[in-house]
Asks: 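Structure provided below as structure tokens; questions to follow.
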Amino acid sequence: MTDAAPITWDDFMRVDLRVGRIVSARVFEQARKPAYVLEVDFGPEIGVRKSSAQITALYTPEELVGRLVVGVVNFPPRQIGPLMSQCLVTGFHDEAGRVALCVPDREVPLGTRLL
């Protein structure tokens, strides 16, 4: 059991988690901590969104392009240095504190909502 407070189904449904495909990735030169600027295509309904992602320990920009990811698309935009981040790409910390992306294990249509 975790220390997290229980939530309702309605609470969970307020978080809009969608599948997207990374269409570009570059080093975020102005970031205080090593990060990439990702552009993620969430399909025709949502479109392409930008995100700052601190995933440099496990991924190169080249290997990120084309990968499916899970992102939160209903956070308000957040200014991170010169970048306006428009979504949160999700991941898990490993035992060394590096972030491993949360990804679907099969192809699914872009924009599909996690349920």
Side-chain angles (χ1 to χ4, degrees):
M1 188 72 183
T2 70
D3 293 334
I7 64 170
T8 66
W9 182 255
D10 289 339
D11 293 334
F12 175 73
M13 291 305 296
R14 288 180 40 215
V15 180
D16 195 357
L17 291 153
R18 303 283 182 127
V19 171
R21 185 176 310 280
I22 299 173
V23 295
S24 76
R26 64 178 172 81
V27 173
F28 189 178
E29 302 278 348
Q30 300 88 349
R32 285 184 281 186
K33 295 181 181 179
Y36 297 133
V37 174
L38 305 180
E39 290 188 357
V40 183
D41 183 0
F42 288 100
E45 181 184 333
I46 296 167
V48 175
R49 302 256 178 113
K50 290 184 180 179
S51 183
S52 172
Q54 294 176 359
I55 56 174
T56 59
L58 296 178
Y59 305 96
T60 65
E62 297 78 21
E63 69 182 310
L64 288 168
V65 174
R67 293 183 74 128
L68 291 178
V69 293
V70 176
V72 179
V73 297
N74 65 334
F75 277 136
R78 180 174 180 194
Q79 191 74 46
I80 302 174
L83 175 74
M84 183 61 72
S85 183
Q86 302 165 309
C87 65
L88 173 71
V89 174
T90 61
F92 300 95
H93 287 98
D94 69 9
E95 66 284 344
R98 301 169 300 192
V99 177
L101 291 169
C102 177
V103 300
D105 69 350
R106 300 279 192 277
E107 282 289 320
V108 294
L110 299 182
T112 300
R113 187 167 184 175
L114 184 138
L115 297 175

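Bear in mind the structure is a predicted one, so any value in this text is a computation, not a measurement. In this chain, residues are counted from 1 in sequence order.
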Asks: Quick one: does any side-chain atom of Gln86 pair with a main-chain N or O of Pro77 as donor and acceptor, under 3.5 Å?
Replies: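 Such a contact is absent between Gln86 side chain and Pro77 backbone.
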Asks: Measure across Phe28 and Ile80 and return the closest heavy-atom pair with its distance rounded to 0.1 Å.
Replies: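 Where Phe28 meets Ile80 most closely, the heavy atoms are CZ-O, 3.2 Å.
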Asks: Judged by atom type as modelled, is there a donor-acceptor pair below 3.5 Å linking the side chain of Glu107 to the main-chain atoms of Pro109?
Replies: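 No, because the side chain of Glu107 does not come within donor-acceptor range (under 3.5 Å) of the backbone of Pro109.
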Asks: Do any N or O atoms from the side chain of Arg21 and from the backbone of Gly66 form a donor-acceptor pair under 3.5 angstrom?
Replies: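 It does hold such a pair.
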Asks: Do Leu17 and Leu88 belong to the same hydrophobic cluster, where Ile, Leu, Val, Met, Phe, Trp and Tyr are linked whenever their side-chain heavy atoms lie under 4.5 Å apart, directly or via other members?
Replies: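 Yes.
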Asks: If you count the non-hydrogen atoms of other residues, nucleotides and ligands that lie under 6.0 Å from CD in Glu45, is the total more than 12?
Replies: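 For Glu45, atom CD is not crowded (no more than 12 foreign heavy atoms under 6.0 Å).
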Asks: Give a yes or no on whether the backbone of Val73 and the side-chain of Arg18 come within a donor-acceptor separation of less than 3.5 Å.
Replies: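 The answer is no, because no donor-acceptor pair under 3.5 Å joins these two groups.
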Asks: Hey, are the side chains of Val70 and Pro104 touching, using non-hydrogen atoms and a 4.5 Å cut-off?
Replies: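 In short, these two side chains touch, coming nearer than 4.5 Å.
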Asks: Can you tell me if Asp16 uses its side chain to pair, donor with acceptor, with the backbone of Asn74 under 3.5 Å?
Replies: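 No.
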Asks: Out of curiosity, does Val19 fall in the hydrophobic cluster containing Leu115 (side-chain heavy atoms, cut-off under 4.5 Å, transitive links)?
Replies: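 In one cluster: no.
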Asks: Using side-chain heavy atoms (C-beta onward) and a distance below 4.5 Å, is Ile22 in contact with Val89?
Replies: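 Contact flag for Ile22/Val89 side chains = no.
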Asks: Would Val103 and Tyr59 show up in the same hydrophobic cluster when neighbours are defined by side-chain heavy atoms closer than 4.5 Å?
Replies: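 Linked within one cluster.
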Asks: Establish whether Phe42 and Val108 are linked, either directly or via other cluster members, by ILVMFWY side-chain heavy-atom contacts under 4.5 Å.
Replies: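 No, separate clusters.
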Asks: I need the minimum non-hydrogen distance between Tyr36 and Val27, along with the two atoms involved.
Replies: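 Distance-wise, the nearest heavy atoms are CD2-CA, 3.8 Å.
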Asks: Show the nearest heavy-atom pair for residues Glu63 and Leu58, with the distance to one decimal.
Replies: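 Heavy-atom minimum between the residues: OE2-O, 3.8 Å.
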Asks: Please check if atom CZ in Arg113 has more than 12 non-hydrogen atoms from other residues, nucleotides or ligands closer than 6.0 Å.
Replies: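 More than 12 within 6.0 Å, yes.
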Asks: Looking at every heavy atom in both Leu38 and Ala25, which two are closest together, and how far apart are they?
Replies: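 Reported closest heavy-atom pair: CD2-CB, 3.6 Å.
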